[in-house]
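Data first, discussion second: the structure below is written as structure tokens.
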Amino acid sequence: MAHSGSPASSSPAPIRVALVDDQQLVRGGFRMLIDSQPDLAVVAEAGDGLEAVRLLARVPADVVLMDVRMPRMDGIEATRRLLDGAVPEPGEAHRRGPKIVVLTTFDLDEYALSAIQAGASGFLLKDAPPEELLGAVRTVYRGDAVIAPSTTRRLLGHMASALRAPSPEVSAHAADVATLTARERDVFALIAQGLSNPEIAEALVVSEATVKTHVGHILSKLGARDRVHIVLIAYETGIVAP
């Protein structure tokens with residue numbers, strides 16, 4: 001189901017949000033919360049992953065809140081298909097696509113990790129406070145911090161031994177990490193600890209613009225999609241210990 005809105009011409013266009021959950025009451029609650037914010041707008045709703053993939057092929061969204069467990073097609077496969085169908089911007093290595101936040105009911109959920117590995121930009125617990133959910137949508141849209149950093153680190157720490165199992169991908173990531181400069185490695189480690197750009201700037205006593213430049217270089221050198229993928233690589237390569 002697509003929604004249309006007409007934001008005031010004087011204000012910036014709101015962040016377009018799509019809701020994907022098989023429970024209509026859950027979607028309705030999220031929609032009321034998101035539409036109450038002047039800078040956010042729900043543009044589409046779907047009851048399962050298959051419907052989401054079809055709908056978002058014609059209705060553009062910036063951020064997708066995606067339930068991980070749904071009938072017909074789960075959030076992992078839907079995430080993979082949505083991002084596989086996206087097209088890279090000129091000069092970019094990765095397909096842009098929407099930012100996908102996976103919703104789960106418990107924090108040590110292997111499904112959530114699988115969704116991140118499929119391309120999701122983070123995950124949230126369904127019972128997160130309203131302000132945390134709204135903050136997550138804005139943060140993941142900006143890309144300047146990992147959402148729910150402590151929850152994300154707990155999940156990755158729980159799965160660390162599996163993440164570090166030898167594989168061609170882990171070996172390739174280790175080789176990529178070795179190409180980072182000393183300062184980029186400092187920033188990489190702080191991102192992996194869940195720090196935002198302003199927090200990294202304060203820790204390293206540099207400007208936020210400088211941090212942003214380093215983050216761009218790290219994303220490029222590691223072939224990473226976003227910050228949560230950087231965190232994943234840090235756990236895979238043992239830069240961060242659980």
*Compare all side-chain heavy atoms of Ile191 with those of Leu195 and state whether any distance is below 4.5 angstrom.*
no
*Report the distance from atom OG of Ser121 to atom CD1 of Ile100, rounding to the nearest 0.5 Å.*
7.5 Å
_Heavy-atom side-chain contact between Met66 and Val20 under 4.5 Å_ = yes
*Kindly compute the distance separating OG1 (Thr104) from CD (Glu110), expressed to the nearest 0.5 Å.*
11.0 Å
*asked:* If we ignore hydrogens and angles and just use 3.5 Å, is the side chain of Glu132 paired with the main-chain N or O of Ala128 as donor and acceptor?
replied: no
_Minimum heavy-atom distance Ile239-Phe188, with the two atoms named_ = CG1-CE2, 3.5 Å
*Would you verify whether the NZ or CZ of Arg164 falls within 45 degrees of the ring axis of Tyr235 while also being under 6.0 Å from that six-membered ring's centre?*
no
*If only atom types and distance count, is the side chain of Asp67 paired as donor or acceptor with the main-chain N or O of Met70 below 3.5 Å?*
no
_Show me the pairs that pass side-chain hydrogen bond (donor to acceptor under 3.5 Å, both in side chains) and involve residues 188-203, at least two apart or across chains._
Ser196-Glu199, Asn197-Arg227
*Is Ser220 reaching over with its side chain to a backbone N or O of Gly216, donor-acceptor style, under 3.5 angstrom?*
no
*Going by atom types alone, do His173 and Glu236 pair a side-chain donor with an acceptor below 3.5 Å?*
yes
*Carefully, step by step, assess Glu208 and Lys212 under the rule salt bridge (charged side-chain N to carboxylate O under 4.0 Å, His left out).*
CA-CA 6 Å; Glu208 207 173 320; Lys212 212 168 180 180; over 6 Å; no
*Between atom OG1 of Thr179 and atom CZ of Arg185, what is the distance when rounded to the nearest 0.5 Å?*
10.0 Å
*asked:* If I take atom CZ from residue Arg183 and atom NE2 from residue His217, how far apart are they, to the nearest 0.5 angstrom?
replied: 14.0 Å
_Under a 4.0 Å threshold between the charged nitrogen and the carboxylate oxygen, would Asp39 count as salt-bridged to Arg138?_
yes
*List the atom of Asp21, the atom of Lys126, and the distance in Å for their closest heavy-atom pair.*
OD2-NZ, 2.8 Å
_Pairwise side-chain contact, Thr151 with Arg154, heavy-atom cut-off 4.5 Å (strictly under)_ = yes
*asked:* For a 4.5 angstrom cut-off between non-hydrogen side-chain atoms, does Leu163 reach Gln117?
replied: yes
*Over 12 foreign heavy atoms within 6.0 Å of CD, Gln24*: no
*Are Glu51 and Arg54 close enough for a salt bridge, meaning some N to O gap below 4.0 Å?*
no
*asked:* Under a plain distance cut-off of 3.5 Å, with no hydrogens placed, do Thr210 and Thr213 share a side-chain donor-acceptor pair?
replied: no
_Please evaluate residues Arg16 and Leu40 with respect to the criterion side chain to side chain contact (heavy atoms under 4.5 Å, CB included), reporting the C-alpha separation (whole Å), side-chain torsions for both, the decisive distance (0.1 Å), and the verdict._
CA-CA 6 Å; Arg16 301 167 298 182; Leu40 307 175; over 6 Å; no
*Find out whether Asp176 and Ile233 are in side-chain contact, i.e. whether some heavy atom of one side chain is under 4.5 Å from a heavy atom of the other.*
no
*Would you give the length of the straight line joining atom CG of Leu155 to atom OG of Ser150, rounded to the nearest 0.5 angstrom?*
11.5 Å
